[in-house]
Q: 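I have a structure I would like to understand better, so I am pasting it below and will then ask my questions one at a time.
One is the number of the first residue; the rest follow in order along the sequence. Heavy-atom basis, side chains included; hydrogens, waters and symmetry copies ignored.
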Amino acid sequence: MDTVVRNGLVIDGSGAERFRADVGIESGRIVAVGRIPGRAPRELDAAGAIVCPGFIDVHTHFDAQVLWDPMLSPSVYHGVTTALAGNCGFTLAPLSGDPADADYLLRMLSRVEGMPLATLREAVQPTWRSFGEYLDRIDGRLAINTAFLVGHSALRRAVMGERAVTDRAGAEDLARMLTLLRQSLAEGGVGFSTTISRTHSDYEGQPVPSRVADREEIVALAGAVRDFPGTWLEIVFGVVVMQQEHYALAADMSVAAGRALNWNAVQIDSARPDLLESKLRASDYVRERGGTLYGLVPAAPMTTLLNFVNCFVIDTLPGWSALVPMSLARRRAALADPQFRAVLKDGATRAATQAETRIRNWSKVVLQALALPHNLPWNGRTLGEHASALGKEPLDALFDLAVEENLGVSFSRSSESTDERSWQLRGELWRDPRLLIGGSDAGAHLDMIDSFALSTQLLGEGVRRRGLLTLEDAIHRITALPAERFGLMGRGRIAPGAAADLVVLDPARVDCGPIAMRQDLPGGEKRLYADSVGILQVMVGGVVVAEDNRATGQLGGRVLRSGRDTRTVPVGAAASH
């Protein structure tokens, strides 16, 4: 053994109770668990701490960040040792070789996943074409393990060019997409991802390429996955209430592929149990037809920061999508124009869908990121309070702030589902076999959402303060359970033969620290960030890569490739966990 972690309380990922043991490691693998005599060249003392498997984040968007941040921060500092990326159909490979197509994907990512375009253009140099070349570019250069789905929008753009956002695929287009997808899976892609969510529009306000596809195209591409071991499917429906058409599409995709399909995300509204039931029923429908469907449920209520810089989500309001293709200077001028304001106000009044009406109560949104001295006192206050103080209508007050602050104002809906019944529901859903804990979106929406620290949010709030799960059960649900459902070989357990991906944590303190903006992105851009609390050490492949929110300078991660590092998980029956 080259390393022994001694004296810790081991939670092995299985859900079983903790036990005191040493963990012996050799060449990146666990070789012994128990009382280990003698001395190893490297000894780590975990006395008083929990030693558990590294956490698995099943829904991330690290596809761009892998090219500038080998740590994949802050996830690694929160105990994540394996991240599944390439979700929602948004990937940076394969490419056609036309620079315009690569530029489109960067601008699309900037728009739909909230990554600053200045950062992407400075840090991402897309010199690859094939999916395998993209994976080779990053393999061995990261602190944590990563696996990448093949994105529908990238496939469509590579084959159809500018027609990807306007045209249905012809027979030749589809045949070329299938060939490209099969090649990408053979090179290590772990499956196929797509989105039909109407919140996903590109920088010109057009639907992203996958939204233009008909269901026959989606099901045909899903079916190509069947021929490649260790693969799965992912989709974003983007609806509040799931309907028969969503159930049928999910079933057809899963059955065609012979693989599980997961979707993001199950949000909780204790006042509308029918919404939740419509989502849970989807898994039952798919299972009855011989497939498998898992929804992802977040670890905590999500605060969403909206703004006029990316216009994400607000562009779903009738007429508001006209803001998207404008330059920032023109957008600011438009918000100052009474006639254009009238169009926006009318659209806000006419908002009809559940998703739209959730952002329609303007008086209750909370103001953030105001920078001008006379506006600083309004940070953290509601728009209604600000508007009332100035004798304005709420939307006029918001537009005025956007103009004054050069679009710099952010505004958040009050955190939803924070009542006690919602927390109880959350705890029940975490244990539901039709769901998985996930949906962090780590690496994306960098100025918008606070769910990236899913693991410590779960362990801090859900376990330590609220007791909704035992620590053993919570760790099982973000380690061994996702490893089992996605077929990640040798991950998620502390047992001989498993990869030495470990977390040493203080059970009395583990938590997510304060979330705030940090200016540390390429191009001088900012992102929401939080340190962990109580995550003492993170080991990947037997290498300690992080200690107390600091990088050690060592890298232990690898790219997980389909069939080599993953195995096929049979479909048709819900997990028993």
Side-chain angles (χ1 to χ4, degrees), residues 55 57 59-81 83 85 90 92 106-107 109-126 137-138 141-146 302-307 309-310 312 328 368-371 379 405-410 412 440-457 511-538 540 544-557:
F55 307 138
D57 192 336
H59 187 104
T60 77
H61 288 279
F62 281 132
D63 307 72
Q65 191 173 335
V66 292
L67 297 163
W68 75 76
D69 177 14
M71 294 305 294
L72 293 186
S73 63
S75 291
V76 64
Y77 303 120
H78 293 262
V80 173
T81 59
F90 304 137
L92 288 171
L106 289 179
R107 296 171 73 186
L109 272 182
S110 176
R111 170 78 180 94
V112 298
E113 295 299 344
M115 305 173 189
L117 187 57
T119 295
L120 295 178
R121 286 192 163 149
E122 176 170 318
V124 179
Q125 304 301 321
R137 172 82 171 268
I138 60 177
R141 302 182 181 185
L142 300 174
I144 70 174
N145 307 302
T146 51
M302 183 185 298
T303 299
T304 305
L305 292 175
L306 307 175
N307 60 68
V309 174
N310 62 37
F312 193 64
L328 296 183
Q368 307 280 351
L370 296 168
N379 280 320
E405 296 276 346
N406 198 24
L407 305 184
V409 60
S410 293
S412 63
S440 79
D441 264 350
H445 305 298
L446 301 178
D447 63 347
M448 184 176 176
I449 62 173
D450 60 354
S451 56
F452 55 84
L454 174 144
S455 54
T456 52
Q457 289 172 335
D511 207 348
C512 175
I515 295 173
M517 296 299 290
R518 177 177 294 193
Q519 189 172 356
D520 66 349
L521 295 179
E525 297 288 344
K526 299 178 181 178
R527 60 171 169 163
L528 290 167
Y529 192 98
D531 286 330
S532 68
V533 177
I535 301 292
L536 308 178
Q537 291 180 317
V538 180
V540 182
V544 177
V545 298
E547 293 182 319
D548 294 318
N549 293 297
R550 296 189 308 273
T552 64
Q554 300 185 82
L555 302 177

Q: Taking all atoms of both residues into account, what is the closest heavy-atom pair of Ser455 and Val80, and its distance?
A: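 Where Ser455 meets Val80 most closely, the heavy atoms are OG-CG2, 4.3 Å.
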Q: I need the minimum non-hydrogen distance between Asn307 and Val309, along with the two atoms involved.
A: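 The pair with the smallest heavy-atom distance is OD1-N, 2.8 Å.
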Q: If you measure only the distance, is there a donor-acceptor pair under 3.5 Å linking the side chains of Thr456 and His78?
A: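 The criterion, which ignores hydrogens and geometry beyond distance, is satisfied for His78 and Thr456.
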Q: Looking at side-chain heavy atoms only, is the closest gap between Leu142 and Leu555 below 4.5 Å?
A: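 Result no, sub-4.5 Å side-chain heavy-atom pair not found.
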Q: Excluding sequence neighbours, so at least two apart, what forms ring pair (Phe, Tyr, Trp, His ring centres under 6.0 Å) with Phe452?
A: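 Expected list: none.
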Q: So, taking the atom named CG in Leu106 and the one named CG in Leu117, what distance separates them when rounded to the nearest 0.5 Å?
A: 7.5 Å
Q: How about Ser451 and His59: do any of their side-chain heavy atoms sit closer than 4.5 Å?
A: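 The answer is no, as the side chains (C-beta and beyond) never meet within the 4.5 Å cut-off.
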Q: What's the shortest heavy-atom distance between Pro522 and Thr119, and which atoms?
A: O-OG1, 2.6 Å
Q: How far apart are the closest heavy atoms of Ala83 and Ile144, and which atoms are they?
A: CB-CD1, 4.1 Å
Q: Nearest 0.5 angstrom please: Glu122 CD to Leu67 CG, how far?
A: 13.0 Å
Q: Please walk me through it: do Trp68 and Leu120 pass side-chain contact (heavy atoms from CB on, under 4.5 Å)?
A: CA-CA 9 Å; Trp68 75 76; Leu120 295 178; 4.1 Å; yes
Q: Just by modelled atom types, is the Glu547 backbone N or O under 3.5 Å from a matching donor or acceptor in the Gln537 side chain?
A: no
Q: Could you tell me whether the side chains of Asn549 and Ser532 share a donor-acceptor contact shorter than 3.5 Å?
A: yes
Q: Restricting to non-hydrogen atoms, name the atom on Val545 and the atom on Gly556 that form the minimum distance, rounded to 0.1 Å.
A: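 Smallest heavy-atom distance, with atoms named: CG1-N, 3.7 Å.
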Q: For the CG atom of Asn406 and the CG atom of Leu328, what is their distance to the nearest 0.5 Å?
A: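 The distance works out to 8.0 Å.
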Q: Could you tell me whether the side chain of Leu92 reaches within less than 4.5 Å of the side chain of Pro126, counting heavy atoms only?
A: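 They are not in contact (no side-chain heavy atoms under 4.5 Å apart), so the answer is no.
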Q: Asp450 side chain to Thr303 main-chain N or O, any donor-acceptor pair under 3.5 Å?
A: yes
Q: What heavy-atom pair brings Val544 and Thr552 nearest, and what distance separates the two atoms?
A: O-OG1, 2.6 Å
Q: To the nearest 0.5 Å, how far apart are CD1 in Ile138 and CG in Asp63?
A: 8.0 Å
Q: Got Met448 and Glu113 here, is their nearest side-chain heavy-atom distance under 4.5 Å?
A: no
Q: I'd like to check Lys526 versus Leu521 (side-chain heavy atoms, cut-off strictly below 4.5 Å). Are they in contact?
A: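 No, side chains not in contact.
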Q: Measure the OG-CE distance between Ser412 and Met302 for me, rounded to the nearest 0.5 Å.
A: 13.0 Å
Q: Got a second to check how far Asp441's CG is from His61's NE2, nearest 0.5 Å?
A: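 Result: 4.5 Å between the selected atoms.
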Q: With heavy-atom distances below 4.5 Å as the criterion, would you say the side chains of Arg527 and Asp447 are in contact?
A: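 No - every pair of side-chain heavy atoms lies 4.5 Å or more apart.
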Q: Verify, without hydrogens or angle tests, whether Gln457 (side chain) and Cys512 (backbone) share a donor-acceptor contact under 3.5 angstrom.
A: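 No.
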Q: Under the ring pair (Phe, Tyr, Trp, His ring centres under 6.0 Å) rule, collect the residues that match up with Phe55, sequence neighbours excluded.
A: none
Q: Any donor and acceptor pair, going by atom type alone, linking the side chain of Asn145 with main-chain N or O of Thr81 inside 3.5 Å?
A: yes
Q: Going through the distances and angles, do Ser440 and Thr60 end up as a side-chain contact (heavy atoms from CB on, under 4.5 Å)?
A: CA-CA 6 Å; Ser440 79; Thr60 77; 4.3 Å; yes
Q: Begin from the C-alpha positions of Phe90 and Val112 and carry the test side-chain contact (heavy atoms from CB on, under 4.5 Å) through to its verdict.
A: CA-CA 9 Å; Phe90 304 137; Val112 298; 3.6 Å; yes
Q: Determine whether Met71 and Gln65 satisfy the following criterion, side-chain contact (heavy atoms from CB on, under 4.5 Å), listing intermediate values before the conclusion.
A: CA-CA 9 Å; Met71 294 305 294; Gln65 191 173 335; over 6 Å; no
